[in-house]
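What you see is a predicted model, and the numbers here were worked out from it, not measured in a lab. No hydrogens, no waters, no symmetry mates; every other heavy atom, side chains included, goes into these values.
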Amino acid sequence: MRTTPRNKLIKKLMLSAAVMLSAATAQAMTIDEVINNMSPQVASEAQVIDPRYEWQKHPMVIMTAPRGDAIPNWWTGNRPEWTNTVISWFQIFEAQGNGATNTRVQVKNIQVHTLSETTRTWSQVDAREAPNVDLWQYPFSLAGSNSGKRSEASGGISLKPVYPYFHHGYGNAQGIAAADVRAVYVTMDFRLAVDNPGQPDDRASARYVVNAGADYHPGKGQGNWSLGYAPGVGQGRMLLASSEWRTATMLVPTSRNGSTLEEMRGNPPPMQ
């Protein structure tokens, strides 16, 4: 093809599009990284301000099966025979040592997959590019739906947690064949974004942590627990947001059926 100013422009645009596409999502996770981010011996990459709970310090599995008798002993509410719905969620906290005032945290592509007990294959249950989100006041008081979220041209939304407030978001509640769930996997991309482009970029001094988790529910919807909240499936390790895309994950095997994290090495969930 003869080189002309028009051809040079086309080549430049194609190269720019390729660069933008390569930077659009996080680098694919490995199953070793996913399993490591569920190890209770591995600490969070940074601590939230005023940590009060063990799950803020390391990953945690809560329900080992989607059934009422797998709910931990501390749960004082009613226990259904089965929990026939799953919903993914995430949290964003300001971490200790944060020095940024012009930085937000962008999140997108929250997904949940389940592994079939019968076929041993993974299926996507839910995917939402721009998650739902609420604003909460620490420790754990709903502060309203006006979360200060901002839609982002590169996908998803961005948020700016300022202690004592944090953000708790979620995907869509979806029905599952509870007796056939051998594992549940949640994934979501996140990175730092500039709040006001007219002000100095201070992402280098930002410290915000993000993690992903899931809840089981007795039926479709969220208002069907006797205590008004779910005991939870589990949650992955809290990771530090950076200027590059990263992925928060949660992987919980149904250990009541004999499923283990080691098994997932040979049959990993879909990696982005």
Side-chain angles (χ1 to χ4, degrees), residues 44-57 60 62 74-77 85-110 112 126 128-152 156-173 186 188-196 199 202-203 205-217 221-241 248 250:
S44 299
E45 289 188 340
Q47 289 296 319
V48 304
I49 298 172
D50 186 21
R52 302 188 185 189
Y53 309 99
E54 284 301 309
W55 56 261
Q56 294 173 322
K57 302 173 184 178
M60 184 172 291
I62 301 171
W74 52 259
W75 175 262
T76 59
T85 297
V86 69
I87 185 169
S88 58
W89 53 257
F90 69 92
Q91 299 177 108
I92 306 175
F93 287 87
E94 184 178 12
Q96 297 175 19
N98 179 44
T101 59
N102 191 38
T103 295
R104 303 173 70 88
V105 180
Q106 182 180 358
V107 296
K108 69 175 183 177
N109 298 335
I110 190 166
V112 58
D126 183 52
R128 187 179 178 94
E129 183 193 54
N132 303 294
V133 65
D134 292 319
L135 181 68
W136 288 69
Q137 184 170 1
Y138 193 72
F140 298 94
S141 174
L142 184 62
S145 58
N146 183 17
S147 60
K149 70 178 181 181
R150 183 178 77 186
S151 297
E152 296 291 339
I157 59 174
S158 68
L159 303 147
K160 189 177 180 180
V162 179
Y163 180 83
Y165 296 97
F166 68 98
H167 294 98
H168 181 41
Y170 45 94
N172 304 294
V186 177
M188 186 189 71
D189 295 331
F190 66 99
R191 70 172 178 180
L192 297 175
V194 175
D195 183 23
N196 183 349
Q199 299 295 324
D202 59 5
R203 287 178 292 176
S205 60
R207 288 177 68 83
Y208 298 97
V209 286
V210 180
N211 77 334
D215 290 340
Y216 288 132
H217 292 281
Q222 299 184 69
N224 43 25
W225 281 106
S226 56
L227 295 185
Y229 64 93
V233 179
Q235 54 193 349
R237 184 186 184 199
M238 287 195 170
L239 305 176
L240 268 171
M250 182 210 77

Asks: Between Tyr53 and Trp55, how do the two ring planes meet: parallel, tilted or perpendicular, split at 30° and 60°?
Replies: parallel

Asks: Side chains of Arg104 and Asp195: does their closest heavy-atom pair fall under 4.5 Å?
Replies: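 A side-chain contact exists here, since the closest heavy-atom pair is under 4.5 Å.
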
Asks: Any chance you could lay out the side-chain contact (heavy atoms from CB on, under 4.5 Å) test for Asp50 and Tyr163, step after step, and finish with the verdict?
Replies: CA-CA 9 Å; Asp50 186 21; Tyr163 180 83; 3.6 Å; yes

Asks: With side-chain contact (heavy atoms from CB on, under 4.5 Å) as the criterion, how do Phe166 and Val209 come out once you've worked through the C-alpha distance, each side chain's angles and the decisive distance to 0.1 Å?
Replies: CA-CA 10 Å; Phe166 68 98; Val209 286; over 6 Å; no

Asks: Please confirm whether the backbone N or O of Val48 pairs with a side-chain atom of Gln96, one donor and one acceptor, at under 3.5 Å?
Replies: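 Flag set: sc Gln96 to bb Val48 pair under 3.5 Å.
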
Asks: Any idea which heavy atoms bring Met250 and Gly234 closest together, and the distance?
Replies: SD-O, 3.2 Å

Asks: Could you tell me which non-hydrogen atom of Val107 sits nearest to which non-hydrogen atom of Met188, and how far apart they are?
Replies: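 Val107 and Met188 have their closest heavy atoms at CG1-CE, 3.6 Å.
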
Asks: Quick one: are Asp215 and Val86 in side-chain contact, heavy atoms under 4.5 Å?
Replies: no

Asks: Please check: side-chain N/O of His167 versus main-chain N/O of Phe93, any donor-acceptor pairing under 3.5 Å?
Replies: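 Side chain of His167 to backbone of Phe93: no pair is present.
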
Asks: Locate the shortest heavy-atom distance separating Arg207 from Asn98; write the atom from each residue and the value.
Replies: N-OD1, 2.9 Å

Asks: Might you point out which heavy atoms bring Thr101 and Lys160 nearest each other, and give the distance in Å?
Replies: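 That closest heavy-atom pairing would be O-NZ, 2.6 Å.
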
Asks: Answer yes if the side chains of Asp126 and Asn172 hold a donor-acceptor pair under 3.5 Å, and no otherwise.
Replies: yes

Asks: What I want to check is whether the side chains of His217 and Trp225 have a donor and an acceptor closer together than 3.5 Å.
Replies: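 Yes, because at least one side-chain N or O of His217 sits under 3.5 Å from a partner of the opposite role on Trp225.
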
Asks: Side-chain contact, heavy-atom cut-off 4.5 Å: Leu227 with Trp75?
Replies: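 Yes - at least one pair of side-chain heavy atoms lies under 4.5 Å apart.
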
Asks: Counting only heavy atoms not in Tyr165, do more than 12 fall under 6.0 Å of its OH?
Replies: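 Not buried by this count: 12 neighbours or fewer within 6.0 Å.
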
Asks: Any ion pair linking Lys108 and Asp189 (charged N to carboxylate O, less than 4.0 Å)?
Replies: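 The answer is no: the pair does not qualify as a salt bridge.
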
Asks: Grab the two heavy atoms, one from Met238 and one from Gln56, that are nearest each other, plus how far apart they are.
Replies: SD-O, 4.0 Å

Asks: Please evaluate residues Val210 and Ile92 with respect to the criterion side-chain contact (heavy atoms from CB on, under 4.5 Å), reporting the C-alpha separation (whole Å), side-chain torsions for both, the decisive distance (0.1 Å), and the verdict.
Replies: CA-CA 5 Å; Val210 180; Ile92 306 175; 4.1 Å; yes

Asks: What's the verdict on side-chain contact (heavy atoms from CB on, under 4.5 Å) for His168 and Phe140, showing C-alpha distance, side-chain angles and the deciding distance?
Replies: CA-CA 10 Å; His168 181 41; Phe140 298 94; over 6 Å; no

Asks: In sequence, state the C-alpha distance, the side-chain angles, and the governing distance for Tyr229 and Trp89, and then conclude on ring pair (Phe, Tyr, Trp, His ring centres under 6.0 Å).
Replies: CA-CA 13 Å; Tyr229 64 93; Trp89 53 257; over 10 Å; no

